[in-house]
Amino acid sequence: MNTKIKELRKQHKLSQEELADAVGTTRQTITSIEVGKYTASLPLAYKIAHYFGEQIEDVFDFSDID
Amino acid sequence: MNEYRQRLKTQNVLYILGILALAGVQVLAHIGIISPASTVKNYADFWNGFIGGAAMGIMILLVVGLIINFRALKNDERLKKLFVKETDERDIMISVKGKSAGASAFVFTLVVAGIISGYFSVTVFVTLIASAFALSLFMCGGKIYYCKKL
């Protein structure tokens with residue numbers, strides 16, 4: 001699944017480690033989500049979107065599901 | 001985080017009990033109170049050595065776990081890191097998928113090995129096939145349990 005996490009991180013000048021700490025996950029998980037190897041669960045997707053002040057559908061691309 | 005802290009404390013108590021029980025087993029095996037009933041020469045020594053080694057290995061793992069838990073309980077930063085490491089959803093998924101794939105591969109290997117061994121020994125064949133059957137049964141049990149639970 002494509003996401004805008006990397007762009008949002010750059011905008012907020014955050015490292016993967018910092019984002020992982022903020023949402024209670026590991027850096028490896030953030031990396032996997034960013035490269036599309038792993039699809040975040042709904043709670044984690046919510047935490048990430050909420051952290052950036054965005055809606056889930058604005059951060060995660062659900063067009064594949066449609 | 002308090003709930004997790006409490007869980008680690010409970011885990012520590014269980015680890016300590018485990019270490020004491022294993023130390024007891026080692027002592028009993030060493031002085032010969034628990035010894036295998038076998039007429040085969042040197043078998044008791046071999047078995048006591050195996051039990052002693054296995055108990056020592058598990059004890060070392062428990063001691064390492066105890067040290068990790070104690071250090072985490074004394075330091076909030078370490079506690080958070082340990083919590084994240086244990087509850088990370090991707091790590092959990094990797095673990096579940098790895099175990100599931102490993103168990104399936106193991107059953108397949110047991111069946112193949114059992115069939116090959118059947119050409120040489122009935123005892124080995126029955127043991128391997130029975131193990132494969134038992135493991136499959138446990139896997140089915142797990143599936144039924146989680147089908148009802150989730």
Side-chain angles (χ1 to χ4, degrees), chain A, chain B residues 1-12 14-15 61-106 139 142-150:
Chain A
M1 178 182 276
N2 292 325
T3 75
K4 286 183 186 167
I5 296 175
K6 197 171 182 179
E7 295 157 58
L8 289 164
R9 256 194 329 104
K10 300 267 180 214
Q11 276 175 29
H12 289 76
K13 291 182 177 136
L14 273 175
S15 67
Q16 289 181 332
E17 189 83 52
E18 286 166 332
L19 177 61
D21 274 353
V23 297
T25 190
T26 59
R27 185 188 58 75
Q28 289 86 346
T29 300
I30 298 293
T31 308
S32 291
I33 296 169
E34 278 187 5
V35 298
K37 274 165 67 179
Y38 175 71
T39 304
S41 68
L42 189 58
L44 181 59
Y46 172 78
K47 278 186 195 172
I48 293 169
H50 189 73
Y51 182 78
F52 289 121
E54 304 273 352
Q55 299 291 315
I56 290 181
E57 59 267 34
D58 296 330
V59 179
F60 295 86
D61 179 12
F62 293 99
S63 57
D64 287 354
I65 295 168
D66 296 335
Chain B
M1 198 56 80
N2 275 340
E3 204 176 297
Y4 182 62
R5 194 184 287 274
Q6 199 53 47
R7 211 183 87 195
L8 287 190
K9 283 179 184 171
T10 311
Q11 213 173 56
N12 281 351
L14 293 174
Y15 283 176
L61 290 177
L62 292 178
V63 169
V64 169
L66 204 60
I67 291 168
I68 290 171
N69 284 359
F70 270 128
R71 289 177 78 189
L73 285 169
K74 280 186 181 174
N75 184 320
D76 283 351
E77 191 63 32
R78 274 211 179 101
L79 185 71
K80 195 188 164 195
K81 274 193 177 167
L82 191 63
F83 177 76
V84 168
K85 199 178 152 198
E86 278 188 18
T87 57
D88 181 60
E89 59 179 50
R90 180 175 158 270
D91 283 352
I92 292 171
M93 187 183 268
I94 289 169
S95 174
V96 169
K97 285 200 170 190
K99 282 173 191 166
S100 170
S104 300
F106 189 55
M139 285 163 74
K143 265 188 186 175
I144 292 166
Y145 173 75
Y146 282 108
C147 270
K148 288 188 176 175
K149 197 183 174 195
L150 298 176

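Lettering of chains follows the sequences in order, A, B, ..., and the numbering in each one begins at 1. When reading the values below, keep in mind they use all heavy atoms of this one structure, side chains included, and skip hydrogens, waters and symmetry mates.
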- Message: Just so I understand: if I count every heavy-atom pair under 4.5 Å between each of Leu44(A), Ile33(A), Asp21(A) and chain B, which residue has the most?
- Response: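 If we count pairs closer than 4.5 Å to chain B, Leu44(A) comes out on top.
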- Which residue out of Ser41(A), Ala20(A), Gly24(A) racks up the most heavy-atom pairs below 4.5 Å with chain B?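 Among Ser41(A), Ala20(A), Gly24(A), the one with the most close pairs to chain B is Ser41(A).
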Would you indicate whether [X], at its atom [atom1], is surrounded by more than 12 heavy atoms from other residues, nucleotides or ligands within a distance under 6.0 Å?
X: Tyr4(B); atom1: OH; value: yes
X: His50(A); atom1: NE2; value: no
X: Gln55(A); atom1: CD; value: no

I need the [X] [atom1] to [Y] [atom2] distance, nearest 0.5 Å.
X: Lys85(B); Y: Thr26(A); atom1: NZ; atom2: OG1; result: 11.0 Å
X: Ile30(A); Y: Asp88(B); atom1: CD1; atom2: CG; result: 9.0 Å
X: Arg90(B); Y: Thr31(A); atom1: CZ; atom2: OG1; result: 8.0 Å

- Item | Contacting region of Lys81(B) [heavy-atom separation from chain A under 4.5 Å] |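 Lys81(B) has no heavy atom closer than 4.5 Å to chain A.
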